[in-house]
Amino acid sequence: MITVRELIEVGGFTEESVLAGEDFLDKELLGVTSFDSPDGHRWLRAGEFVLTTGFPFLIRQNTCEATLIQLIDELAAIGTPGLAIKLGRYMASVPAAVLALAAKRQMPILSFPMDKAWSDVIVPVTQYINDKQRLELNRTHAIYERFHLHLTANDPVSKLAALLADLLQTPISIEVPSLRWKWAASPDAPPGSFGFATDEGHDIPLGQAASPSMLKNPLVKRADGRHVRWLLQERNVQGAICTGIIERDLYAWEKVAIEQSAALLSLEIERQRSVNETYQRFRNDFLQLLLSDQMQARDVLTRKADEVGWKLADHYTVAVLGVSPLERTGIENWNDNRDLLLALTPSLSALDDAILLGLDQQNRIVLLIPTASGSSDSTACLTSTKQVLAALLAFSWQQRVFVGLGRFHAGPMGIAASYREAQISFRAAMRGLDAKTAANTIIVDFHDLGLERILFAEQPDTEARLLAQEYLDKINEYDREKNGQLLDTLHVFLQVDGNHAEAASRLYVHKNTIKYRLALIRELTGLNPDHGHDLLLLRIAMTVQSIGFAKG
């Protein structure tokens with residue numbers, strides 16, 4: 001194809017020949033034809049530039065302007081890139097209204113010189129198109145040869161950026177974050193001297209479903225002149241190829257080079273994905289071992305971690321993630337969480353490559369976040385966990401993401417306890433419990449749960465026993481060591497529904513003694529007996545102990 005601008009040069013026109021549509025001379029055309037009948041446009045094809053004497057429009061002189069206006073509309077609808085009229089034979093000039101409409105319809109109108117025959121334009125333009133097509137074919141053949149050499153030499157896909165930059169003579173960037181591919185090449189600049197992003201900014205929808213426009217045309221020209229070829233797998237965006245600034249539309253051979261690169265990258269992405277999914281299944285099995293209550297020797301766990309390419313930390317905090325599980329079938333939920341895991345892995349690994357990620361037996365994403373020990377202050381132990389939560393809150397996904405966070409428990413056996421708590425927090429998040437929310441990410445921390453930890457547990461009676469042990473064991477230990485009466489005081493305080501004076505009367509102590517003992521209970525358990533919600537938790541704990549469940 002050539003442009004109207006090229007036709008003007010090849011066909012012997014001058015710049016003064018352009019009567020209208022000078023802003024649209026870069027429109028492409030497939031050929032040149034002529035007609036001199038009132039209905040000749042009916043046999044035109046899209047992309048054909050038209051030559052005419054104007055005679056058909058003078059059959060009725062008083063309707064010349066209206067007839068031309070109608071013709072411009074009909075030619076625009078067909079896809080005609082332009083029109084040349086031989087002025088001076090039948091028409092002295094083109095009416096201003098016609099020229100205005102042509103500009104509006106983005107159709108250049110040229111004045112055809114009186115001293116030229118049709119063949120003076122048609123023949124050289126046709127020859128020029130044929131020569132250009134021959135050149136395109138030769139260049140396309142050369143492109144296929146270059147990629148054939150790339151394949152036969154077994155060159156890695158990382159060399160595609162340099163190959164494409166050499167072919168197109170423009171900077172090239174290739175990025176597939178899920179595989180940590182980030183390559184840049186330029187024939188005249190060092191790697192990394194430019195970047196790429198969507199027109200909306202730097203938020204590339206990686207791992208998410210491609211838009212209908214992406215699926216229809218994955219190669220697009222951005223507003224800044226760069227061309228982006230989205231790399232799609234199973235209708236999801238996995239990465240992109242980006243060129244340097246090319247203001248014009250790409251030539252056919254340039255598109256072939258980009259598509260060849262995209263095809264090879266897609267094949268390698270699929271191969272790597274199959275390898276990674278197989279490897280991830282082994283990692284998921286190892287995660288399940290860590291999440292279970294089975295006691296394993298440290299050297300056994302270390303050896304199994306080495307087998308799947310992980311280094312085992314001493315302590316972890318567990319988070320459970322998932323997307324809209326209540327609205328999807330089992331296989332849909334698995335696909336959604338798998339895609340989310342692939343999208344999250346690069347960013348979380350960049351944050352801390354010691355984070356262990358995988359799917360549990362319910363196909364939910366599990367994060368084991370390395371956590372520092374040596375502090376009784378739980379918030380001081382969760383610095384890395386808070387960083388992960390901040391990253392999750394900043395993460396944007398096409399569906400709502402639910403996150404449940406467990407508490408820190410020391411040692412390998414603490415992983416199972418943290419996982420159990422993370423599952424409860426996850427269920428609370430799914431049921432719309434008020435939590436930290438940003439965009440579509442909802443996070444619930446087990447630290448913030450009270451009665452909900454029993455309501456959302458798979459086995460409420462088991463969670464109630466654990467709650468009783470957690471709070472009452474501390475009180476019992478204090479009473480044994482200090483010969484205190486905290487448990488009896490709490491028991492009476494619950495019986496009188498939180499009445500300080502009545503509790504003091506029944507225990508034969510001063511009311512301030514009751515307040516002092518309740519303050520000690522608050523210090524030991526973190527629960528305030530004067531607070532209705534916390535008092536309910538203490539009542540549940542005391543009830544569980546009184547009926548003998550605390551010992552299982």
Side-chain angles (χ1 to χ4, degrees), residues 147 150 155-211 213-215 217-246 250 254-277 338-353 357 391 394-398:
F147 279 94
H150 171 85
D155 286 338
V157 289
S158 58
K159 288 191 175 182
L160 285 175
L163 173 59
L164 199 54
D166 183 48
L167 291 172
L168 272 55
Q169 286 300 294
T170 186
I172 295 294
S173 173
I174 297 174
E175 186 169 350
V176 182
S178 63
L179 297 175
R180 299 189 183 184
W181 293 353
K182 192 170 185 178
W183 308 312
S186 169
D188 54 9
S193 61
F194 69 100
F196 76 91
T198 62
D199 279 336
E200 293 75 23
H202 291 273
D203 295 327
I204 301 171
L206 297 167
Q208 304 202 36
S211 65
S213 61
M214 280 184 178
L215 294 172
N217 185 17
L219 177 59
V220 295
K221 182 180 180 182
R222 295 188 344 172
D224 63 1
R226 302 181 192 272
H227 292 75
V228 174
R229 173 51 162 91
W230 297 109
L231 302 173
L232 310 177
Q233 287 287 330
E234 297 181 357
R235 305 173 71 89
N236 289 337
V237 182
Q238 299 300 327
I241 303 171
C242 182
T243 74
I245 297 174
I246 305 175
L250 295 174
E254 293 173 317
K255 294 179 181 178
V256 167
I258 293 174
E259 290 304 319
Q260 285 289 296
S261 300
L264 294 179
L265 288 166
S266 295
L267 286 173
E268 184 61 18
I269 289 172
E270 184 60 32
R271 190 186 74 83
Q272 290 286 345
R273 183 170 180 172
S274 297
V275 171
N276 289 344
E277 286 186 353
R338 179 199 60 178
D339 291 340
L340 177 58
L341 177 63
L342 289 173
L344 277 171
T345 298
S347 58
L348 291 181
S349 297
L351 181 65
D352 186 348
D353 60 7
L357 304 90
F395 184 74
S396 177
W397 192 245
Q398 60 204 12

*Asks:* If you look at every heavy atom in Ile258 and Leu164, which pair is closest and at what distance?
*Replies:* N-CD1, 4.0 Å

*Asks:* If you compare all heavy atoms of Ala240 against all heavy atoms of Val228, which two are closest, and at what distance to 0.1 Å?
*Replies:* CB-CG1, 4.0 Å

*Asks:* Can you tell me how far the CG atom of Leu267 sits from the CD atom of Gln233, to the nearest 0.5 Å?
*Replies:* 8.0 Å

*Asks:* Measuring from His150:NE2 to Ser261:OG, what's the distance to the nearest 0.5 Å?
*Replies:* 8.0 Å

*Asks:* Which heavy atom in Pro171 sits nearest to a heavy atom in Ser186, and how many Å separate them?
*Replies:* CG-OG, 3.7 Å

*Asks:* Do the non-hydrogen side-chain atoms of Leu179 and Asn276 ever get within less than 4.5 Å of each other?
*Replies:*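 They are in contact (side-chain heavy atoms under 4.5 Å apart), so the answer is yes.
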
*Asks:* Which heavy atom in Pro177 sits nearest to a heavy atom in Gln238, and how many Å separate them?
*Replies:* CD-O, 3.7 Å

*Asks:* Which heavy atom of His227 sits nearest to which heavy atom of Gly225, and what is that distance?
*Replies:*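 Smallest heavy-atom distance, with atoms named: ND1-O, 3.6 Å.
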
*Asks:* Is a side-chain donor or acceptor of Thr170 paired with a backbone partner of Thr243 at a separation under 3.5 angstrom?
*Replies:* no

*Asks:* Are Val237 and Leu231 close enough, and set up right, to give a side chain to side chain contact (heavy atoms under 4.5 Å, CB included), and what steps lead you there?
*Replies:* CA-CA 6 Å; Val237 182; Leu231 302 173; over 6 Å; no

*Asks:* When rounded to the nearest 0.5 angstrom, what is the spacing between CZ in Arg235 and OG in Ser211?
*Replies:*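 The distance works out to 10.5 Å.
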
*Asks:* With no hydrogens and no angle check, is any side-chain donor or acceptor of Glu254 less than 3.5 Å from a backbone partner on Leu168?
*Replies:*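 The answer is no, because no donor-acceptor pair under 3.5 Å joins these two groups.
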
*Asks:* Measure from the side-chain N and O atoms of Gln169 to the backbone N and O of Asp166, and report whether any donor-acceptor pair falls under 3.5 Å.
*Replies:*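 Between the backbone of Asp166 and the side chain of Gln169 there is a qualifying donor-acceptor contact (under 3.5 Å).
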
*Asks:* State, with a plain yes or no, whether a side-chain heavy atom of Arg338 is found less than 4.5 Å away from one of Glu277.
*Replies:* yes

*Asks:* Any non-hydrogen side-chain atom of Leu250 less than 4.5 Å from a side-chain atom of Leu219?
*Replies:*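 When only atoms from C-beta onward are counted, Leu219 and Leu250 do touch, with a gap below 4.5 Å.
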
*Asks:* If we only count heavy atoms from C-beta on, is the Val176 to Leu265 side-chain gap below 4.5 Å?
*Replies:*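 They are not in side-chain contact.
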
*Asks:* Hey, what do you get for CG (Asn236) to CG (Leu215), rounding to the nearest 0.5 Å?
*Replies:*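 With rounding to 0.5 Å, CG (Asn236) is 9.5 Å from CG (Leu215).
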
*Asks:* Taking it one step at a time, do Arg273 and Glu270 satisfy salt bridge (charged side-chain N to carboxylate O under 4.0 Å, His left out)?
*Replies:* CA-CA 5 Å; Arg273 183 170 180 172; Glu270 184 60 32; 5.3 Å; no

*Asks:* Output every pair passing ring pair (Phe, Tyr, Trp, His ring centres under 6.0 Å) with a member in residues 164-185, not counting sequence neighbours, ordered by first then second residue.
*Replies:*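 Ring pair (Phe, Tyr, Trp, His ring centres under 6.0 Å) check on residues 164-185 returns Trp181-Trp183.
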
*Asks:* Determine, step by step, whether Phe147 and Leu167 satisfy the side chain to side chain contact (heavy atoms under 4.5 Å, CB included) criterion, reporting the C-alpha distance in whole Å, the side-chain angles of both residues, the deciding distance to 0.1 Å, and the verdict.
*Replies:* CA-CA 11 Å; Phe147 279 94; Leu167 291 172; 3.8 Å; yes

*Asks:* Mind listing the closest non-hydrogen atom pair of Ile172 and Ala161 along with its distance?
*Replies:*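 Nearest pair, atom of Ile172 first, then Ala161: CB-O, 3.7 Å.
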
